[in-house]
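Please read these numbers as outputs of a predicted model, since none were measured by experiment. Reminder, nothing fancy here: chain letters follow the sequence lines and each chain counts from 1.
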Protein chains: 2
Amino acid sequence: MAKEQGYSGDEARKIVGITYRQLDYWARTELIRPSLSDASGSGTRRRYSYRDLLKLKAVKALIDAGIRLALIRRVFEFLEEKLDEDVVQVNLVIQGSSVMVQRGEDEIIDLLHNGQGVLNILPMAGVKEDLDAKIVELFPGADIEETSTEIDGKAVGQ
Amino acid sequence: MAKEQGYSGDEARKIVGITYRQLDYWARTELIRPSLSDASGSGTRRRYSYRDLLKLKAVKALIDAGIRLALIRRVFEFLEEKLDEDVVQVNLVIQGSSVMVQRGEDEIIDLLHNGQGVLNILPMAGVKEDLDAKIVELFPGADIEETSTEIDGKAVGQ
DNA sequence: CTGTAGAATAACATTGATGTAGTTCTCTGA
DNA sequence: TCAGAGAACTACATCAATGTTATTCTACAG
């Protein structure tokens, strides 16, 4: 039998590496509730399952990666069930407001192999695209100044 | 001549799609200063270059993706010069505290092609690894409960 | 030269996420 | 049964990021 009745709040926070305040706050604000038994007044005990620990750890990884709780909440709302399957073969791919569970070690695995933690990828092409579009929209007359991003010409402009 | 003397604060914020308060705060806290001319007392004028706009837009993209300013600051400290080259072929790859500029449309481009915005990727394998290691470290006796993550057995567990 | 628009500045409020300290329960061991 | 430990709860403080409003300059048009 593995860990007779799940994990206490204090055990959970030690294992996951967060403060009790965080664990408590996350439980109260519905981010991650202890699924084995929830609190019901002072003196009662929270009991976290192994699955809960996995989620807590994922939350911490995202927080350490500089991601705000607001986004993490959206991720876990969507994710609630989808974590049942073989967890170790899964990558969470978060793109704006949509979350996907990417299965298998396909395209991006060579990047991921380096280390652990979260990868944040921002394609600058899209950034520049949006920017230029907006400039043209707001200032139809002026052409876009590209001096500092020109390929030929060695990009002067300080 | 493109936009005679860069962009005013108000123009910049309209183009980038942020509030003036944000532009102001970011300038004061050294995140992104107007490189053409900085403020020096009330009544003076900030002047943003096109390059500044690119950076502002990237910051906004990261913010929209749920990333905290603290991390974004680290990214742009590292990045300050490295954005000179051909911007549209570049992806910012943020991994924990390290930032890389990934050039070329290689491995991950098929994922990125879908849409714009930031990709956050969290490999669950690493999460589970860390978790299990910590459990074993703190509770050497108890074996890890894996009921909800088993591959065979169809994963019962509520 | 002068008045006014525009822009930076300043002061204050707010919200989310957390730290800290103290209080109130409940559970368990003696 | 009873006391003490452990855990949830409460209240208050803090910090970053931003909203709001009012104020003070500066630059420019007339």
Side-chain angles (χ1 to χ4, degrees), chain A residues 4-48 52-53 56 58-77 138-139, chain B residues 4-48 52-53 56 58-77 138-139:
Chain A
E4 74 284 13
Q5 201 54 252
Y7 304 84
S8 73
D10 197 53
E11 287 169 343
R13 77 133 241 274
K14 276 178 190 153
I15 291 171
V16 174
I18 56 179
T19 66
Y20 181 81
R21 192 64 174 83
Q22 290 178 301
L23 191 75
D24 186 51
Y25 182 66
W26 298 353
R28 290 169 187 280
T29 56
E30 316 253 295
L31 178 53
I32 295 183
R33 286 272 191 72
S35 57
L36 294 185
S37 96
D38 205 346
S40 60
S42 81
T44 61
R45 311 273 153 118
R46 297 195 178 102
R47 280 275 136 187
Y48 289 86
D52 294 336
L53 296 191
L56 288 170
V59 169
K60 173 165 172 52
L62 291 168
I63 284 197
D64 288 347
I67 296 178
R68 286 177 303 209
L69 266 197
L71 174 60
I72 300 178
R73 285 182 202 282
R74 290 215 306 275
V75 171
F76 278 80
E77 275 167 25
L138 293 180
F139 305 97
Chain B
E4 72 284 12
Q5 202 53 252
Y7 304 84
S8 73
D10 197 54
E11 286 169 343
R13 77 133 242 274
K14 276 179 191 154
I15 291 171
V16 174
I18 57 178
T19 66
Y20 182 81
R21 192 63 173 84
Q22 289 178 301
L23 191 74
D24 185 52
Y25 182 66
W26 298 353
R28 289 169 187 281
T29 56
E30 315 253 298
L31 178 53
I32 295 183
R33 286 272 189 74
S35 57
L36 294 185
S37 96
D38 206 345
S40 60
S42 79
T44 62
R45 312 272 154 116
R46 298 195 177 101
R47 281 274 136 187
Y48 289 88
D52 295 334
L53 296 192
L56 288 170
V59 169
K60 173 165 171 53
L62 291 169
I63 285 196
D64 288 347
I67 297 178
R68 284 178 302 211
L69 266 197
L71 174 59
I72 299 178
R73 285 182 203 281
R74 290 214 306 277
V75 171
F76 278 81
E77 275 166 24
L138 293 180
F139 306 97

When the distance from CD of B/Gln22 to P of D/dT20 is rounded to whole Å, what number comes out?
12 Å

Output the rounded distance in Å from OH (A/Tyr25) to P (D/dC9).
15 Å

Whole angstrom is fine here: how far is it from CZ in B/Arg47 over to P in C/dG6?
14 Å

To the nearest angstrom, how far is A/Leu31 atom CG from C/dA17 atom P?
9 Å

Can you measure A/Arg68 atom CZ to D/dA17 atom C1' for me and round it to whole angstrom units?
9 Å

Among C/dT9, C/dA7, C/dT18, which nucleotide sits nearest the side chain of B/Asp24?
C/dT9

Does B/Thr19 reach a base, just sugar-phosphate, or nothing at all? Heavy atoms under 4.0 Å.
sugar-phosphate

Provide a list of protein-nucleic acid N or O atom pairs under 3.5 angstrom, restricted to nucleotides 28-30 of chain C.
none

Separation of C/dT18 P from A/Leu23 CG (nearest whole Å)
11 Å

A side-chain contact here means heavy atoms from C-beta on lying under 4.5 Å apart; do B/Tyr48 and B/Leu23 qualify?
yes

Protein heavy-atom contacts under 4.0 Å, written 5' to 3' over nucleotides 20-25 of chain C as B (base), S (sugar-phosphate only) or - (none), form the string B---BB

Min side-chain heavy-atom separation A/Asp52-A/Tyr7 under 4.5 Å
no

Sequence neighbours left out, what passes salt bridge (Lys or Arg N to Asp or Glu O under 4.0 Å) with A/Arg13? Give chain and number order.
A/Asp10

Can you tell me if A/Arg47 uses its side chain to pair, donor with acceptor, with the backbone of A/Leu36 under 3.5 Å?
no

Measure CZ/B/Arg46 against P/D/dT26 and give the value in whole Å, please.
15 Å

Within this structure, what is the CG-to-P distance between A/Leu71 and C/dG16, rounded to whole angstrom?
16 Å

Which nucleotide wins on minimum distance to the side chain of A/Leu69, given the candidates D/dA7, D/dT10, C/dA17?
C/dA17

Quick one: does A/Ser37's side chain have a donor or acceptor within less than 3.5 Å of a partner on A/Arg45's backbone?
yes

Would you indicate, yes or no, if C/dA17 has its OP1 or OP2 atom less than 4.0 angstrom from a side-chain nitrogen or oxygen of A/Trp26?
no

Heavy-atom check, side chain of A/Leu56 versus side chain of A/Leu53, under 4.5 Å:
yes

Residue set satisfying salt bridge (Lys or Arg N to Asp or Glu O under 4.0 Å) with B/Arg21, at least two apart, ordered chain then number -> none

For A/Ile63, which contact category applies under a 4.0 Å heavy-atom criterion: base, sugar-phosphate, or nothing?
sugar-phosphate

By salt bridge (Lys or Arg N to Asp or Glu O under 4.0 Å), A/Asp24 pairs with (sequence neighbours left out) A/Arg28, A/Arg46

Could you pull out all residues at least two apart from B/Ser42 that satisfy side chain to side chain contact (heavy atoms under 4.5 Å, CB included)?
none

Can a side chain N or O of B/Arg73 be found less than 4.0 Å away from OP1 or OP2 on D/dA17?
yes

